[in-house]
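One structure is given here, and the rest of the page talks about it.
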Amino acid sequence: MNKFIDKIRSSTAWKSIFRSGSIKSNLGRSLLIFNNLFLHVLPVKVKEDTLRFTATFYLGITSFFLFIILTVTGIVLMLYYHPSIPQAYWDMKDLQFVVSNGVFLRNMHRWAAHGMVASVFLHMLRVFYAGAFRPPKQFNWVIGVILFVLTLLLSYTGYLLPWDQLAYWAVSVGANMAGAAPVFGEQVKFLLLGGNTIAENTLIRFYVLHCVILPFFVTMLLGIHFWRVRKDGGIKPLFEKETNIKENSEVGVDD
Amino acid sequence: MLIEKVKDMSNVFAITSILFLVVLAISPAKDYFSEWRAFQHEYNELIEEQPRRIKPVEIGIKQFWLPDLGVTDRCTSCHLGVSEINLVDIPAPFKTHPVMYHTTDEFGCTPCHQGQGIATTTKESVGHEEFWNDPMLPLEFAEAGCGTCHEGGIAAEAPVLTRGRELIQDLNCVSCHNLPGYEDKFVVSLDGISNKVNRNWIVKWLSSPHEVEVTTNMPDFKLTNDEVDLLADFLMSLDGNSVEMVPLPADLLEEWPDEDLVELGSTRFREARCISCHLINGKGGHLAPELGKIASKVTREWLFNFIKDPKTLHPGIPMPIYGFSKKDVKAVTAYMVTEFRDWDAEEDSVQIKHTPEPDFYKKGIALFNTYNCQGCHELNVPGVGKNMGPDLSAIGSIPQTQLEFGDSGIETTRPSYIYNKVKNPRIFLENSRMPIFDLKDDDLIAITTALLAMRDSDIPEKHKAEYRPPPEYKPQGEFGRLVEKYSCFSCHVINGEGYLLASDLSNEGSRVRYEWMKSYFRLPYTLRPILTERMPNLFMSEEEIIFISDYFGLLFVNDEIDKIEITIDAESILDGEHLVKEIYGCNSCHLIDGEGGYVGTPFDETSKRSTPQWVYTWIMDPQKYRPDLICPDQGLSEIEGKHITAYIMNLSKK
């Protein structure tokens with residue numbers, strides 16, 4: 001079995017795609033990480049402690065996984081949705097009644113969205129209570145906070161898209177809250193709604209924010225976030241004594 | 001150690017993956033085993049058992065997409081037999097649609113039935129759910145769908161809706177509610193009421209109008225005794241009448257007038273056919289108030305003046321001004337005050353003594369306004385104003401969430417709300433102002449249907465039925481004055497104006513002979529033996545009779561009728577007799593030589609009355625000028641028609 005895997009890994013095709021052959025040494029492992037666009041954000045070695053379930057409760061990766069689900073279902077939903085006022089609501093109804101698995105798609109998107117807000121929030125709490133915002137992780141903490149805000153904004157902008165009463169009034173409340181902010185409140189509200197009331201412009205604005213602008217920033221920041229997580233080291237439980245941590249146990253590939 | 005850990009993890013991974021796959025499979029499975037798919041398979045099996053071959057349905061969602069109307073109706077995904085003519089006896093949802101006046105391709109389903117057309121499950125398509133404002137109309141109110149677009153002209157197709165609209169008009173709902181399309185009805189004014197009726201009568205009347213007069217339209221306001229007393233005191237305190245009344249002549253001042261006078265009054269009362277409109281002790285028409293106890297209701301002076309000239313006392317009243325002589329007026333009054341008394345009431349009046357509250361006037365006027373009495377009854381007193389109820393112009397599309405059901409416990413739907421509100425107006429709120437109309441169930445359903453049709457509908461104008469209300473016709477000059485005086489429009493229609501109780505007079509000049517018309521005005525008789533509502537003797541003067549007859553003969557003619565040529569010769573008469581007696585059996589309804597039925601007009605008298613052209617027009621298409629006529633359209637050929645006409649015209653000449 002291992003021989004067979006070795007053989008494949010030594011083939012020209014494998015090497016040309018993954019830029020590393022069969023890995024026998026630490027150097028090989030390092031090269032695997034360095035030469036791969038997707039893996040190179042990760043360090044060559046990760047401490048086993050930081051991978052323990054109790055360290056993070058896997059809340060970060062859960063959030064990321066939900067984000068993937070949201071992206072996939074969101075793209076499929078975009079195939080059926082017109083961001084225009086008479087049509088948007090009827091597209092919801094069509095999804096409900098005639099699109100194959102339409103209800104499932106919508107529900108996946110909806111529950112994943114709720115789940116993501118919750119898991120991102122819990123992730124943030126865990127990081128906070130573990131004190132992982134302290135140097136050298138202060139930069140990544142700030143990135144995390146921005147990601148949290150972006151998650152909330154994604155949730156908020158997605159809320160308007162079904163164009164039903166709930167959407168309309170929830171967004172009214174939100175916009176009025178923005179409007180109540182001092183100094184620039186009214187301007188922010190105007191910018192957000194694309195006018196003085198919730199109308200066609202608002203729907204287009206929210207649609208573009210929801211499907212293009214916000215996901216773009218989230219993806220960019222997620223890359224940086226993951227990169228920093230590995231470079232700075234993961235969460236170390238705050239109150240565990242340093243001595244309890246095994247210095248030498250590190251996890252590598254194929255150990 | 002690590003490898004063991006990874007192995008454990010892979011087991012967990014495998015199990016969760018399988019679970020995840022199962023979860024993913026649920027949705028496509030639900031999609032496949034959908035309700036509509038099952039119905040379509042059932043339908044395909046069912047039609048195989050049918051004697052006639054019916055095309056099986058291709059499995060898939062069916063829909064009508066009508067962008068103009070904003071309609072996407074998927075109802076026919078399950079209601080597969082709607083347009084099949086041979087599935088009448090099949091159970092729902094595959095049954096053939098009963099008579100359909102529109103094609104589904106043109107209108108789909110929901111513009112008439114309401115409901116959620118885009119839905120593909122039974123529950124959601126019916127639409128009794130939180131987020132659908134217009135659930136399907138229950139079957140008994142289905143004609144409300146017709147009324148959404150049709151403002152009128154569909155009496156035969158939508159009888160319930162039409163009846164409901166008539167009732168809304170008749171009960172004068174517009175007096176309190178804004179209801180576009182309905183007109184204010186004539187109701188007597190209360191000005192000078194203290195000179196008309198006595199206080200005891202008002203008290204009885206206000207306490208329970210239906211007990212005093214079974215057929216009245218006046219609803220029961222369920223007033224408390226105190227409220228009744230206040231209103232009665234207030235109304236009786238309104239002194240004076242804008243119209244000067246003629247004092248009673250000496251003969252009528254005695255309690256019991258002269259017997260000869262009463263005798264003459266009785267004759268005149270019969271000749272004037274008062275009971276055509278008025279109910280007396282259970283007999284007579286329902287168009288006007290009951291007269292059985294009138295002498296105990298109104299004062300003698302008022303009655304005398306009213307018979308003399310009803311339109312001065314109550315301008316606009318549908319009662320004609322009879323051409324009675326002075327003596328006739330006295331006689332009819334004498335007859336009525338002798339005969340039509342309520343003996344119980346007269347005993348009561350002796351017993352009841354009442355002292356009004358000190359501020360009865362202020363409180364009375366407030367009550368009068370609270371219950372919007374002014375809505376129906378005019379009263380020119382300072383401080384009296386209109387106090388309307390809710391606007392009902394869009395009651396048929398009011399969101400169900402805006403209806404307040406209270407703790408009534410009834411079904412919380414729009415039709416149920418309207419039905420119960422009309423049935424028992426105080427059901428949702430005890431101190432609600434709306435009075436009780438005491439309607440039968442059929443009438444309640446009819447009214448509910450008509451109200452449900454009052455919708456803010458988004459159906460574009462071009463799809464709405466074109467309904468032109470009949471043109472308004474206002475006779476002018478001397479003729480106009482006579483039409484007003486004799487209230488012709490209370491029973492007759494001319495050029496679309498009036499109420500069709502008797503005949504349409506628009507073509508009268510082409511229809512009847514001049515001499516007959518004059519004799520008929522002098523002494524009207526029943527044209528059809530079984531009719532109950534009959535033309536009264538209006539006691540017109542000779543000049544008036546000639547004037548009206550001339551006017552009819554010159555103006556209300558129809559060239560289409562007048563130009564028909566009819567020749568009456570022996571051969572056609574003989575053939576006509578054969579056709580009438582042997583072929584079409586007209587004598588089963590019409591009298592011929594004193595024998596035959598009593599439903600239609602006697603043929604024996606026809607030639608004295610009608611022109612041959614009219615007889616011909618009438619028998620060729622009986623419903624042409626009288627759509628509700630029961631005489632069957634025999635589909636006569638021209639020759640047959642002319643021969644029958646010749647026979648009928650020859651009959652009474654013998």
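To find a chain, count down the sequence lines: A is the first, B the second, and so on, and within it residues start at 1.
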Report task. Under 4.5 Å heavy-atom distance to chain A, tell me which part of B:Ile61 shows up: side chain, backbone, both or neither. Result -> side chain
Report summary line: When the 4.5 angstrom heavy-atom criterion is applied to B:Gln116 and chain A, the contacting part is side chain
Report summary line: OH of B:Tyr419 to CG of B:Leu452, rounded to nearest 0.5 Å, is 13.0 Å
Query raised in the report: Of the backbone (N, CA, C, O) and the side chain (C-beta and beyond), which part of A:Gln96 lies under 4.5 Å from a heavy atom of chain B, both, or neither?
Result: side chain
Query raised in the report: Is the centre of the A:Tyr156 ring less than 6.0 Å from the centre of the A:Phe206 ring?
Result: yes
Report summary line: chain A shares the most heavy-atom pairs under 4.5 Å, among B:Ile118, B:Leu24, B:Thr72, with B:Ile118
Query raised in the report: Taking 4.0 angstrom as the limit, do A:Asp164 and A:Lys93 come out as a salt bridge?
Result: no
Query raised in the report: Ignoring hydrogens and geometry, is there a side-chain-to-backbone donor-acceptor pair from A:His210 to A:Gly158 under 3.5 Å?
Result: yes
